[in-house]
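For the single chain, residues carry numbers from 1 onward in sequence order.
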Amino acid sequence: MTTQTNSNSGSCCGSCGSGDAVAVQGVGLTTTYKVTGMTCGHCESSVSQEISALDGVTAVKAVAKTGEVTVTSAAPLDEDAVRAAVDEAGYELVGRA
């Protein structure tokens with residue numbers, strides 16, 4: 001299930017304008033990561049989309065204001081895979097929160 005919310009918190013790149021954030025709901029093991037560089041809903045969406053593509057991920061909620069990304073997965077995720085997904089989105093994984 002995908003939910004979109006509007007949060008006009010500014011723009012990192014000027015291309016999003018709307019500040020849409022994607023939050024996906026699910027069950028399983030929950031891990032929270034710290035990510036630097038997110039400033040708006042576009043950033044949240046980009047990070048969420050890349051992490052959601054990892055095998056076993058059932059939910060992702062990125063919050064630019066706190067720099068936290070909460071990931072729910074069926075099994076523990078390889079942190080290097082999460083780091084690569086965050087890098088692909090254009091941000092930096094600092095580690096677990």
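Rounded to the nearest 0.5 angstrom, Leu54 CG and Ser73 OG are separated by 9.5 Å. Taking CD from Glu44 and NZ from Lys65, the interatomic distance works out to 10.5 Å, rounded to the nearest 0.5 Å. The distance from atom CD of Glu92 to atom OG1 of Thr36, rounded to the nearest 0.5 Å, is 4.0 Å. Here the straight-line distance linking atom OG1 of Thr72 with atom CD1 of Ile51 works out to 11.0 Å at 0.5 Å rounding. Distance check, rounded to the nearest 0.5 Å: CG of Leu77 to CG of Leu29 gives 7.5 Å.
The two residues Cys40 and Ala64 make their nearest non-hydrogen contact at N-CB, 3.7 Å. Tyr91 and Ser46 make their closest contact through CE1-CB, 4.2 Å (heavy atoms, listed as atom of the first residue, atom of the second, distance). Minimum heavy-atom separation, Ala62 to Met38: CB-SD, 4.1 Å. Across Thr66 and Lys34, no two heavy atoms sit closer than the pair O-NZ, 2.6 Å. Closest of all the heavy-atom pairs between Thr58 and Ala74 is CG2-N, 4.5 Å.
Under the 3.5 Å distance criterion, the side-chain polar atoms of Thr31 are left unmatched by any main-chain donor or acceptor of Val71. No donor-acceptor pair closer than 3.5 Å links the side chain of Lys61 to the backbone N or O of Ser48.
For Gln49, the CD atom sits in a loose shell: 12 or fewer heavy atoms of surrounding residues, nucleotides or ligands are nearer than 6.0 Å.
Applying the side-chain contact (heavy atoms from CB on, under 4.5 Å) test between Val35 and each of Val69, Val63, Val94 identifies Val69 as the sole match.
Remark: Glu79 engages Arg96 in a salt bridge, criterion side-chain N to carboxylate O under 4.0 Å.
Side-chain atoms of Leu93 and Val82, non-hydrogen and from C-beta on, do get closer than 4.5 Å to each other.
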